[in-house]
4 protein chains.
Amino acid sequence: MVLFQLPNTPELARNAIRIKATLLRNAISECVGTFLLLFVGTSIIAQLILFRGSVNSWVQINVGWGFAITISVTAVSHISGGHLNPAISVLFFSMGALDITSLIVYIGAQHLGAFFGACATYAVYRDAINNYDGGVRAISGPTGTAGIFATYPQSFMSPLGTYLDQIAGTGLLAFCVLMIIDSRNKIPSQAHPLLFGLSLLTIGCGFGANCGYPLNPARDLGPRIFTAFIYGKEVFTFPWTCWFLVPIIAPTVGALIGGWFYILLLGCHVPDEEPEKNNALKEDIAKPENAT
Amino acid sequence: MVLFQLPNTPELARNAIRIKATLLRNAISECVGTFLLLFVGTSIIAQLILFRGSVNSWVQINVGWGFAITISVTAVSHISGGHLNPAISVLFFSMGALDITSLIVYIGAQHLGAFFGACATYAVYRDAINNYDGGVRAISGPTGTAGIFATYPQSFMSPLGTYLDQIAGTGLLAFCVLMIIDSRNKIPSQAHPLLFGLSLLTIGCGFGANCGYPLNPARDLGPRIFTAFIYGKEVFTFPWTCWFLVPIIAPTVGALIGGWFYILLLGCHVPDEEPEKNNALKEDIAKPENAT
Amino acid sequence: MVLFQLPNTPELARNAIRIKATLLRNAISECVGTFLLLFVGTSIIAQLILFRGSVNSWVQINVGWGFAITISVTAVSHISGGHLNPAISVLFFSMGALDITSLIVYIGAQHLGAFFGACATYAVYRDAINNYDGGVRAISGPTGTAGIFATYPQSFMSPLGTYLDQIAGTGLLAFCVLMIIDSRNKIPSQAHPLLFGLSLLTIGCGFGANCGYPLNPARDLGPRIFTAFIYGKEVFTFPWTCWFLVPIIAPTVGALIGGWFYILLLGCHVPDEEPEKNNALKEDIAKPENAT
Amino acid sequence: MVLFQLPNTPELARNAIRIKATLLRNAISECVGTFLLLFVGTSIIAQLILFRGSVNSWVQINVGWGFAITISVTAVSHISGGHLNPAISVLFFSMGALDITSLIVYIGAQHLGAFFGACATYAVYRDAINNYDGGVRAISGPTGTAGIFATYPQSFMSPLGTYLDQIAGTGLLAFCVLMIIDSRNKIPSQAHPLLFGLSLLTIGCGFGANCGYPLNPARDLGPRIFTAFIYGKEVFTFPWTCWFLVPIIAPTVGALIGGWFYILLLGCHVPDEEPEKNNALKEDIAKPENAT
């Protein structure tokens, strides 16, 4: 006995407002996806810092950011592809998978989403930040909270070291992304977001401590611009004048190096599918093609 | 040589007692599922609080609640759909996927299951609670244990902050639920419970510390009613008079906001399946539809 | 250019020694599987206790035992079904899925495997145990190490409490096992071992602290018999005379309660597969069958 | 409107430089895979040691190394099979799945990759190491950092104990590898790298503390040779003269024991696929073949 039931409102909405312009749709998609990633991601760091280790420890940073990538990419992969990272978009541009107009639009949308993600985290954690710093915002020191939003390097890091660190981390990320999506590796597309997440989780276990693993220009610059309104312009000059450029330049360079490292050393050489050997799982893995 | 073997007793039982009335069956299903979620979930918190951090730390809260969702939804998804959360049921009602009678029955069943889940946890942890508080029940303070069952906010939270926190957390949960079940995102239904679990795990890493992430009116109210019998009526007025309403109102509002945020910004715009492109995994992901 | 390569020795061995007697094959399979589970599992506890928290913490107990189940069941599920637990075998007997001869053989094999698993852990950790206790074995106290092998309850637990705890934990495990293998829930069989593991992981997050979650008569009695040779007969009477019977009786009772709780409340009522609705994923999950 | 888009540069590169000589291609593949494993893996240990427990704890070692295996094997499994471990290659040789020439080439490539992986970690963590030890490299002691790269046993371990420990750990790893790739266990090949990773994760929870679970001759010797240039020849004689031979000999012996333990006790006896029973999931698992 159905007394009252609404019609299929989501399909009605779809028929009414569906966006047909691909570029606009992709821009919204990248913006929403990056918003989601940053809202969740910076909140995870807030929960580490603001509760002085009594709630999150570093393992939540790794696991949380990893699955935040899984969720964010799942949400938008069927619309814009789910780059969520200008360095990855630049890599795809270099592979001929993105035209120059799309590249620029993607990068803009990613920064916008990251900016609003940081805003949302600030709204949710405003009470806790006030409790932590007594209402006086500080970038660093015992009541410093700017590290919730943008990344800052350890005090012992040399500038060269920070570049190496970000090139290594983003290089590994780009390597993993291309290996996962390489159709010759036959990974079902539904599993891609999970593997992207596990890759970032693993990279965070190994490459997070030196600089906080931004690995993504938009993830760092968008929130940093937001924090300039709250903490002052010093967010661009702390701990040294051009630090804020490192998470922009180095991940872009790193993604190109890591991505093409995969393409040239592995991707170019994966054998094309052998016909009619689908079920021979054991041989597939255990027995490499023998030299002849 | 088979000496003695029973017949297929589960199928015999099925033939004898199978319930054909859909609404009753769904009510039992939602009740059992929410019972399972709360029995496991509140026991996880008991294991954090009662052993003063020597057993569980916060990571078990995240991982345990996440997979508790996976298990609970798996158990009942083929009967009632596995909402286990009035806020999610209200969202589905708004989408025309649930009629008003079912909505009311679901919500009642969820609260009942949650109530009994808290009872079961109390039975299992009674010895440990007595050891912790010397037999004198306290809601908060050094021997407070009411937080095992229902949630209480951090002392620094403003009322507005608690509403924002619960709207954000439940909004993200509803966003993830709709993105996972959206058939245009082509996620196999067997993987849905795992992804629900990973979503909650991630949300707990970022949005758990302010208010204990109830995100679910039944999860909070059912156990709170149970604790009123044990700890007294103050469970409804601590730490402030209307706190207990926040985990009822805010998750419902949040689920509607988060769910429709997904529908309007993403779900409406996911392209319909392209014909005959199933195997082109690489392009699917890496190459967004280019502007033309 | 292949200089030298051995023939396919595993298939040669298979042709030579393959056991055709099903009962013997199943006995070996259950014995090896339980050996594997206990060797890995008790080593995980050794790594917690013997290094005084500097290596493992409780999260490794949860994650490690969970995936130890995944590995052990994967190893033997295609031979004997991978029960690895007398309580689960008794439940399957009650369901008509195991005859009485097999039940007795399974239970014997499981205890034998558990005994040898504990032996192997002792061999690997003998140096570390000697370092920990100075060569003088103690069941409990500051140098006590018997808890590596068999379980002991917290000192505050009442006998009734330990029974409730083990019935609850094993009941949940049996509930999860039947829900996972229920063909009407349509979970692919390859995913079963992973879900068994995630279930145990979750149960360990909520029900591990009171008694150390044995949940399995063989897991506890086999290693306890081994420790009687090392630590003396007091392993059967500590901390009270009949404690060692609790992890034998209560899990068996609990598995029957939990398993039949699933069958009677959920399994009996899962609708049979609807024809021709395979792809309607969204409706499948979001929309319960409406009352009519 | 596509203003400018590059051609499909990865496919152009593939056409230009694709290596057709199988042995060379496999050598590059094993070298890159082992490089990736060691670069990530030793960085995870660096993040544990150099930040004195404030960033990573032991759980990141387990989770990080586990998924590092998943990533590394995924990257190269379709080229060389993804052994990444001389002990596994020797096991495959004993199974007739690898010829003697390939075996030697694989082992060489694995050591080379491991060596360069350690170099890369050193480059990324040079600033942090200098901060930790004030610029004076030490193998062990309060400023010792050689353990980032190669493994060293606990001081209480006897030589026999270290052999047992490495035989046990690598034996379990080889057991898991063969069980996962056994086609009669019907695990889809896409899931193999994830299960390899979960296996190593689990082994690390139980067998990591005695000797640091090298479980792989190349993983230990390659980085140890690298550290000889930085820390001096004592890396080969600390803590006792022939320690460095243990992670070479014992894993090789262990892989053969564990692998053949699987083959002889389980693999030989798995029934061949029954015809036409694909969908009877429940019976498949719950009901072992009854004795007749």
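So that the names make sense, note that chain A is the first sequence line, chain B the second, and so on, each numbered from 1.
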Is the backbone of C:Ile19 close enough, under 3.5 Å, to the side chain of D:His269 for a donor and an acceptor to pair up by distance?
yes
Mark yes or no for whether C:Asn8, through its side chain, and D:Gly96, through its backbone, hold a donor-acceptor pair below 3.5 Å.
no
side-chain contact (heavy atoms from CB on, under 4.5 Å) for C:Val40 and D:Leu172? Distances and angles first, verdict last.
CA-CA 9 Å; C:Val40 175; D:Leu172 285 165; 4.1 Å; yes
First locate atom CE of D:Met95, then atom CG of C:Leu12, and finally report the distance between them rounded to the nearest 0.5 Å.
11.5 Å
Hey, which of C:Ala16, C:Ser29, C:Gly64 has the most heavy atom pairs under 4.5 Å with chain D?
C:Gly64
Kindly say whether D:Val270 contributes a backbone atom to a donor-acceptor pair with the side chain of C:Arg25 at under 3.5 angstrom?
no
Over all heavy atoms of both residues, which pair between C:Ala75 and D:Leu266 is shortest? Give the atoms and the distance, please.
O-CD1, 3.7 Å
What's the verdict on side-chain contact (heavy atoms from CB on, under 4.5 Å) for D:Asp99 and C:Leu3, showing C-alpha distance, side-chain angles and the deciding distance?
CA-CA 7 Å; D:Asp99 70 287; C:Leu3 282 180; 5.6 Å; no
For C:Ile88, is it the side chain, the backbone, both or neither that has a heavy atom under 4.5 Å from a heavy atom of chain D?
neither
Of the listed residues (D:Gly267, D:Ala209, D:Gly161), which shares the most heavy-atom pairs with chain C below a 4.5 Å separation?
D:Ala209
Less than 4.0 angstrom from a charged side-chain N to a carboxylate O is my criterion; do D:Asp165 and C:Arg126 meet it?
no
Please tell me if the side chains of C:Thr74 and D:Ile187 come closer than 4.5 Å, counting only heavy atoms from C-beta onward.
yes
How far does CG of D:Leu201 sit from CD of C:Gln60, to the nearest 0.5 angstrom?
9.0 Å
Looking at SG of D:Cys205 and CD1 of C:Ile61, how far apart are the two atoms once the value is rounded to the nearest 0.5 Å?
8.5 Å
With a 4.5 Å heavy-atom cut-off, do C:His78 and D:Met179 have their side chains touching?
no
Can you tell me which portion of C:Gln47 sits under 4.5 Å from chain D's heavy atoms? Options are side chain, backbone, both or neither.
side chain
Backbone of D:Ile100 reached by a side-chain donor or acceptor of C:Gln5 within 3.5 Å
no
Is the number of heavy atoms from other residues, nucleotides or ligands under 6.0 Å of D:Tyr152 OH greater than 12?
yes
Contacting region of C:Val59 [heavy-atom separation from chain D under 4.5 Å]
side chain
Could you tell me which non-hydrogen atom of D:Leu264 sits nearest to which non-hydrogen atom of C:Ala13, and how far apart they are?
CD2-CB, 4.1 Å
If one checks every heavy atom of C:Ala46 against chain D at 4.5 Å, the contacting part turns out to be neither
Given the options D:Ser94, D:Ala191, D:Ser57, which has more heavy-atom pairs under 4.5 Å with chain C than any of the others?
D:Ser94
Report which part of D:Asn62 has an atom under 4.5 Å of a heavy atom belonging to chain C: side chain, backbone, both, or neither.
side chain
Side chains of D:Trp58 and C:Asn56 in contact at under 4.5 Å (non-hydrogen atoms):
yes
With side-chain contact (heavy atoms from CB on, under 4.5 Å) as the test, would you mind laying out the steps for C:Arg14 and D:Asp272 before giving the verdict?
CA-CA 11 Å; C:Arg14 182 177 169 92; D:Asp272 287 304; 3.3 Å; yes
Supply the atom-to-atom distance C:Phe67 CZ to D:Leu195 CG, rounded to the nearest 0.5 angstrom.
9.5 Å
Side chains of C:Pro10 and D:Trp260, heavy atoms from C-beta outward: is any pair under 4.5 Å?
yes
Segment of C:Tyr132 engaging chain D (4.5 angstrom heavy-atom cut-off)
neither
Flag the pair C:Leu6 / D:Phe93 as yes when at least one side-chain heavy-atom distance between them is below 4.5 Å, and no otherwise.
yes
Could you tell me if the ring centre of D:Phe175 sits under 6.0 Å from that of C:Phe39?
no
How far apart are the closest heavy atoms of C:Ser43 and D:Gly206, and which atoms are they?
CB-O, 3.3 Å
Side chains of D:Leu198 and C:Ile71 in contact at under 4.5 Å (non-hydrogen atoms):
no
So do the side chains of C:Ile44 and D:Phe207 get within less than 4.5 Å of each other, counting heavy atoms only?
no
Honestly, the part of C:Val32 sitting under 4.5 Å from a heavy atom of chain D is side chain
Compare all side-chain heavy atoms of C:Phe51 with those of D:Asn210 and state whether any distance is below 4.5 angstrom.
yes
At their closest point, which heavy atom of C:Ile28 faces which heavy atom of D:Leu265, and how far apart are they?
CG2-O, 3.8 Å
Looking at D:Leu164 and C:Ala123, what are the two nearest heavy atoms and their distance?
CD1-O, 3.8 Å
Find the one option among C:Ile45, C:Val124, C:Val55 whose heavy-atom pairs under 4.5 Å with chain D are most numerous.
C:Val55
For C:Leu36, is it the side chain, the backbone, both or neither that has a heavy atom under 4.5 Å from a heavy atom of chain D?
side chain
